[in-house]
Amino acid sequence: MRITSARVIVTCPGRNFVTLKIETDGGVYGIGDATLNGREMAVVAYLQDHVVPALIGKDARRIEDMWQFLYRGAYWRRGPVTMRAIAAVDMALWDIKAKVARMPLYDLLGGASRERVLVYGHANGGDIDETVEAVGRYIDMGYKAIRAQTGIPGVKLAYGVGRGDLHYEPADAALPTETSWNTPAYLDHAPKLFDALRDRYGFGPHLLHDVHHRLTPIEAARLGKSLEPHRMFWIEDATPAENQEAFRLIRQHTVTPLAVGEIFNTIWDARDLIQNQLIDYIRMTVVGAGGITHLRRIADFAAMYQVRTGCHGATDLSPVTMGAALHFDLWAPNFGIQEYMRHSDETDAVFPHAYWFEDGHLHPGDAHGHGVDIDEELAAKHPYRPASLPVARLEDGTMWNW
Ligand code: GCO
Ligand code: MG
């Protein structure tokens, strides 16, 4: 079964997505996601200039060899651009293999380990009262797990405080929006949000929170400690993880569970964190970490240390990634939770999919492959629009981690 064509499709149904469609001489095609939020065209160029020409005529069945060819063969290993291009090819080839086998992808991976996939949604508000109300709306929709973010008094545009309930998208302008940050104000305010949420809703719903790399390790330790009474499901990206050792310090001070990894690309980014049991959840997902082939290795490695998965699932990952991730989640023995920030109706129309939400869970559906397609005619009606993620500065103007 030879690859006859590979096309990169860029579309912007509300936000930008990069999709790879691989066709074979048998008539079966596969779809992969290559979206890198705010840097989409870098991956498009990498795919078109360096990957697509090498795919034509290759055997679509040899997924492992293709992965090794694109990873080792590039010489310049790793990085978000390269690994997203590899992920797109890998996802499309698994899609093809499962379609040919006439199986949903989770069956090909080894079969379902559970009946459905626990997901969490995003509740945001400008202040604590608004966030408490937003969490209530998620509970009413059936969610069992909810990430809560709130504005901080005196801080202009704090992270995660959306405009609109369900479809908050941070990449909101062609050039980066400037937001601000104040760590002391945040550290005082965040526990008050979770006091209010536990007072109102009790300990039934799982609560999650994203720190988005804003704290130093000792500050993250303080936050973790101050949130222990709230029994968080996790706090995420409490400090930047380039230096994986930094998490040792946080770990020494708190039993609040830690999640990390949405910006990692390979198993090497998480090796120390996992094997030293410095985290509880690994956040890499299919598009970010080189596709199903590599993510499966990460999950198996994590399982040896009782680290569970918590795949990134913000709206900048297309429905193709969501579909592929849900098959992976249904299989992964050490699955923890899946992020599910809903796509807009406009996006869903461009990417018809088999997965569905019910009672706080998603199911990938039983369509053959990963169950997500692209309507190319509709996609063409939404041309690319440059969009960047924001940046953050401290009050004195110092650049900070967004
Ligand atoms: C998350 C993420 C997102 C990111 C976004 C950037 O936990 O979902 O942190 O909110 O900011 O994916 O593109
Ligand atoms: Mg995050």
Side-chain angles (χ1 to χ4, degrees), residues 106 109-120 144-147 203-211 213 217 220-221 223-225 227-286 288-313 324-340 360-362 364:
Y106 69 79
L109 292 174
S113 297
R114 56 194 57 77
E115 303 306 319
R116 54 189 188 162
V117 170
L118 176 69
V119 298
Y120 72 90
K144 314 292 176 215
I146 302 144
R147 180 187 104 153
F203 284 85
H206 294 303
L207 295 178
L208 301 84
H209 181 65
D210 193 345
V211 186
H213 309 112
L223 177 71
K225 235 175 161 167
L227 294 180
E228 278 173 12
H230 308 97
R231 290 183 240 149
M232 303 295 290
F233 188 94
W234 76 35
I235 58 172
E236 176 189 339
D237 289 338
T239 197
E242 285 98 328
N243 173 16
Q244 298 180 39
E245 267 294 302
F247 280 75
R248 199 177 288 282
L249 193 147
I250 308 174
R251 223 23 169 191
Q252 279 162 358
H253 291 284
T254 181
V255 295
T256 294
L258 302 174
V260 177
E262 68 181 37
I263 66 169
F264 293 174
N265 321 123
T266 71
I267 198 165
W268 304 101
D269 298 324
R271 185 185 65 168
D272 297 351
L273 289 171
I274 291 172
Q275 73 185 7
N276 295 312
Q277 293 177 282
L278 301 180
I279 56 171
D280 301 281
Y281 295 91
I282 182 70
R283 296 264 298 138
M284 287 142 113
T285 192
V286 193
I292 294 283
T293 298
H294 194 58
L295 193 61
R296 198 161 62 155
R297 294 208 163 102
I298 295 166
D300 282 340
F301 178 58
M304 291 169 59
Y305 301 95
Q306 300 194 44
V307 173
R308 287 186 282 170
T309 66
C311 284
H312 188 202
L326 289 169
H327 285 265
F328 169 82
D329 294 336
L330 205 68
W331 159 76
N334 53 330
F335 166 77
I337 199 165
Q338 167 70 51
E339 182 178 18
Y340 176 48
H361 295 75
L362 278 167

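One is the number of the first residue; the rest follow in order along the sequence. Note that the structure is predicted; figures quoted are calculated from it, not measured.
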Heavy-atom pair of closest approach, residues [X] and [Y]:
X    : Y    : answer
H209 : M232 : CB-CE, 3.7 Å
I337 : A145 : CD1-CB, 3.6 Å
F247 : P240 : CE1-O, 4.1 Å
G261 : I282 : CA-CD1, 4.4 Å
E228 : V255 : OE2-N, 2.9 Å
A324 : I292 : O-CD1, 4.0 Å

Would you find a donor on one side and an acceptor on the other, under 3.5 Å apart, between the side chain of [X] and the backbone of [Y]?
X    : Y    : value
E339 : G313 : yes
E236 : A259 : no
S113 : W331 : yes
H294 : T266 : no
R114 : D329 : yes
T309 : C311 : no
N334 : V307 : yes
Q275 : Y305 : no

Could you check whether any side-chain heavy atom of [X] comes within less than 4.5 Å of a side-chain heavy atom of [Y], counting everything from C-beta outward?
X    : Y    : result
R251 : D280 : yes
R248 : N276 : yes
V117 : H361 : no
R308 : W234 : no
D272 : E245 : no
V260 : D237 : yes

[atom1] of [X] to [atom2] of [Y]: how many Å apart, nearest 0.5 Å?
X    : Y    : atom1 : atom2 : value
I279 : L258 : CD1   : CG    : 8.0 Å
R271 : I298 : CZ    : CD1   : 13.5 Å
L207 : L227 : CG    : CG    : 10.0 Å
I274 : M304 : CD1   : CE    : 10.5 Å
L109 : F328 : CG    : CZ    : 8.5 Å
D269 : M284 : CG    : CE    : 5.5 Å

Worksheet item: Stepwise, does the side chain to side chain contact (heavy atoms under 4.5 Å, CB included) test hold for L278 with Q244?
Response: CA-CA 9 Å; L278 301 180; Q244 298 180 39; 5.7 Å; no

Worksheet entry | Step-by-step side chain to side chain contact (heavy atoms under 4.5 Å, CB included) determination, H213 to I263 | CA-CA 11 Å; H213 309 112; I263 66 169; 4.1 Å; yes

Fill in: Ring-face cation of R231 near F203 (centre distance under 6.0 Å, axis angle within 45°)
yes

Item to complete: Please check if atom CD in Q252 has more than 12 non-hydrogen atoms from other residues, nucleotides or ligands closer than 6.0 Å.
Response: yes

Worksheet item: Take atom NZ in K225; do more than 12 heavy atoms of anything else shown fall under 6.0 Å from it?
Response: no

Worksheet item: Given L273 and F264, is the side chain to side chain contact (heavy atoms under 4.5 Å, CB included) satisfied, shown in steps?
Response: CA-CA 12 Å; L273 289 171; F264 293 174; 3.8 Å; yes

